[in-house]
Amino acid sequence: MELIKSGINRYLLPKQGKMKVNCYIYATEKLAAMIKKDNSLRQLTNAASLIGVVEPVCGMPDLHQGFGLPIGGVMATGGPNALISAGAVGMDINCGVRLLRTELHKFDLNEECVKKFVEEVQKKVPTGIGKGGSKSKVHRHIFQKVLLKGSRVLVEEGFGFPEDLTAVEENGLLEGADIDAVSKLSLSRGESQLGTLGGGNHFIELQEVENIEADDLAHHFGLFPGQITVMIHTGSRGFGHQICTDFCRVFLQAAPKYGIELPERGLAGVPVDSPEGKEYFAAMAAAVNFAFANRQLINWDIRGVIKKIWGIKGELVKVVYDLAHNIAKWEHCRGDTVLVHRKGAIRALPPKHPLISSIYKKTGNPVLVPGTMGTSSYIMVGTKAAEETFFSVNHGAGRVLSRRAAWKSISGEEFQKSVQGIYYGKRSYRELVDEAPGAYKDIDEVVKTLADRNMVRIVARLRPLAVVKGKD
DNA sequence: ATGTAC
């Protein structure tokens, strides 16, 4: 597939065949070469062939093949033919990241309390998939309320502070959720999973601020050099997964009725105003709210751990920000209101944007980009130039090896070397190798791609000290 | 990502 260079770190995949709009891929030369190796460009052109799609379909520098839309894909739809696609949001609805900041400095930590942190978090937060990872401590009536009202419910129930809510995308609530739109199976899978981490790439990481690149912004975000932070990466667990599965089936069956031609099964979509489209949106919103609340509850557990180990009050552990990686939302961009599907992409609103939470009006919303379990994470902010991607930027490093390939090609020795100095508890090579840094692209290069285009500004870099991961 | 498959 031919990519035409089109400005700094940007390639045009021109409209051809059944495509209705152009695609843009954001990559350095090196990253573009990686992106060409899997099926992700084909998937972007398929998305660009859907009815009602708005130009351009975007591929982020961490782009890689997924189900339907690739991970790192952004697809907006609009106008009378606006389509909604469950596959273009992804299986893990509102998979996302929350960052906490403490008043601790790295000099306040020693090896012993870093280990203690991991042990205590493992004790408090259920991890892994299936039964072990699904022992929620909140009552069923809270679960149902959460689906409709988001993370606010947990604050009301005593699992957070009102201040937490102002530091969450959409204040932790996507309006329009409806429990009747959610299958019984989703509800039964979800009700025991609020406050659980999951497996795969989900994690809780203890970090230090290793470098600050924009003093003014870092100061506004409450960050200082050497500071200890905690990053939470998780989503809507089996609840969102089941909703995606349910509606992919519904959409696949309903699409012909609306005269929608599907370039591939994973992109199955229906008009957003159709009964099926409305029902999916209502179910997706419930999963979005579940995931915001999931991170809020884990946040609360971490406050407990920090208090136990360092004696620091929960109020002094603040939320920097919390945002979604997998979501579809109506957003205002370039004089239009469009339904932005982000699948492995983050919203990065520039300063003064009307949708930004008041606390970040002056700076733009913090953009949290996790690295891998062995490499640093980044905090950035979007600029006005991010308008060309519907204010979306890359969400992580992006896989370069599949799980199987990682297991086959990364040796125990290589794995150990790549996570040296990072405490990850009593987890084996076998359990973690598919998350090895070597299975991912170079986060520094990925982040630099959009920074060099001035679509983002780098604020700070966070170095991992310890990580809690679930068993698969 | 995920009761890793219907």
Side-chain angles (χ1 to χ4, degrees), chain A residues 38 40 43 62-73 85-98 125-136 182-194 196-204 232-250 252-253 265-266 283-284 286-288 290-292 294-295 298 323-328 341-346 370 372-373 395-408 430-436 439-440 468-472:
Chain A
D38 67 16
S40 50
Q43 294 184 319
D62 51 345
L63 195 73
H64 59 104
Q65 192 179 322
F67 171 66
L69 195 66
I71 321 294
S85 165
V89 170
M91 287 295 201
D92 191 2
I93 298 165
N94 193 7
C95 178
V97 165
R98 175 177 292 218
V125 182
T127 67
I129 64 171
K131 283 183 181 160
S134 57
K135 290 198 187 114
S136 183
V182 180
S183 69
K184 291 274 182 295
L185 183 55
S186 294
L187 292 170
S188 72
R189 285 180 70 175
E191 67 184 3
S192 61
Q193 295 187 317
L194 197 57
T196 68
L197 185 66
N201 64 0
H202 290 164
F203 64 79
I204 295 166
I232 303 162
H233 181 200
T234 185
S236 52
R237 310 283 287 97
F239 182 67
H241 191 277
Q242 190 61 48
I243 288 169
C244 182
T245 305
D246 291 344
F247 281 91
C248 279
R249 191 178 300 134
V250 170
L252 203 57
Q253 209 167 30
R265 292 168 62 94
M284 179 201 63
V288 166
F290 177 95
F292 281 139
N294 194 26
R295 295 192 284 274
I298 291 174
L323 39 76
H325 290 166
N326 290 359
I327 200 164
H341 297 68
R342 296 192 182 90
K343 183 176 183 180
I346 300 177
T372 71
M373 66 179 293
H395 83 307
R399 259 190 192 285
V400 68
L401 294 180
S402 71
R403 285 159 180 241
R404 258 172 63 92
W407 184 71
K408 278 165 78 176
R430 182 76 181 81
E431 287 169 344
L432 295 174
V433 64
D434 49 345
E435 286 301 312
Y440 285 86
V468 174
K469 274 190 167 281
K471 242 189 263 193
D472 278 350

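Chain letters run A, B, ... following the sequence lines, proteins first, then strands; residues in each count from 1.
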Hey, does [X] reach any base, or is it just sugar-phosphate, or nothing, if we go heavy atoms under 4.0 Å?
| X | value |
| --- | --- |
| A/Gly199 | sugar-phosphate |
| A/Gly200 | sugar-phosphate |
| A/Leu185 | base |

Got a sec, which residues hit side-chain hydrogen bond (donor to acceptor under 3.5 Å, both in side chains) with A/Asn94, two or more places apart in sequence or on another chain? A/Arg295
5'-most contact on DNA chain B: A/Ser188 or A/Thr245, nearest heavy atom basis? A/Ser188
Between A/His233 and A/His325, is any pair of side-chain heavy atoms under 4.5 Å apart? yes
Is any side-chain heavy atom of A/Glu435 closer than 4.5 Å to one of A/Arg399? yes
Whole angstrom value for the distance that separates [atom2] of [N] from [atom1] of [X]:
| X | N | atom1 | atom2 | answer |
| --- | --- | --- | --- | --- |
| A/Asp92 | B/dT4 | CG | P | 15 Å |
| A/Ile71 | B/dT2 | CD1 | C1' | 13 Å |
| A/Asn94 | B/dT2 | CG | P | 13 Å |
| A/Phe247 | B/dT2 | CZ | P | 20 Å |
| A/Gln242 | B/dC6 | CD | P | 11 Å |
| A/His241 | B/dA5 | NE2 | P | 10 Å |
| A/Phe290 | B/dT2 | CZ | P | 10 Å |
| A/Phe67 | B/dT4 | CZ | P | 16 Å |

For A/Arg403 and B/dT4, is the shortest distance between a side-chain N/O and OP1 or OP2 below 4.0 Å? no
Residues in salt bridge (Lys or Arg N to Asp or Glu O under 4.0 Å) with A/Arg403, at least two apart? A/Asp434, A/Asp472
